[in-house]
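Atom set for the values below is all heavy atoms of this structure, side chains included, hydrogens, waters and symmetry mates excluded.
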Amino acid sequence: KPDGGRMFAMIDANGDGKLDKAEVTRMAEMRAQRQGDPTMASPEKVDAFIKHIDANGDGVIDKGEMEARQKARASAPPTDGQP
């Protein structure tokens, strides 16, 4: 089981318990470098990622939102193409 808390703390550079756009961008850049796909760190993808996880719409991702997303992904049934 991945340690979401440690990962979150690593990404949360200023330690405020929230991931802002700059921090999410840094995470995306690291992932893009690892996977050799620079498009993963495009501003559009970063914005889409934030919007997808940011449940309360405040423009940042807090730990609860990230954990909820990870839980949803872990328990999601396989999709058959239906939304």
Should Ile11 and Val24 count as side-chain neighbours, where that means a heavy-atom distance under 4.5 Å? no

Is there a side-chain contact between Val60 and Asp54 (heavy atoms, below 4.5 Å)? no

Hey, what do you get for [atom1] ([X]) to [atom2] ([Y]), rounding to the nearest 0.5 Å?
X: Phe49; Y: Leu19; atom1: CZ; atom2: CG; value: 7.5 Å
X: Glu23; Y: Ile50; atom1: CD; atom2: CD1; value: 10.0 Å
X: Asp62; Y: Asn56; atom1: CG; atom2: CG; value: 6.0 Å
X: Asp47; Y: Thr25; atom1: CG; atom2: OG1; value: 8.0 Å

Give every donor-acceptor pair under 3.5 Å between a side-chain atom in residues 26-38 and any protein atom, sequence neighbours left out.
from: Asp37; atom 1: OD1; to: Thr39; atom 2: N; distance (Å): 3.2
from: Asp37; atom 1: OD1; to: Thr39; atom 2: OG1; distance (Å): 2.5
from: Asp37; atom 1: OD2; to: Thr39; atom 2: OG1; distance (Å): 3.4

Test item: Glu67 side-chain N/O and Gly64 main-chain N/O as donor-acceptor pair under 3.5 Å: no

Looking only at heavy atoms, the pair that brings Ile53 and Glu65 closest together is O-CB, 3.5 Å

Do you reckon Val46 sits in the same ILVMFWY cluster as Met40, going by side-chain contacts under 4.5 Å, direct or chained? no

Under 4.0 Å between a Lys/Arg side-chain N and an Asp/Glu carboxylate O for Lys18 and Asp58? no

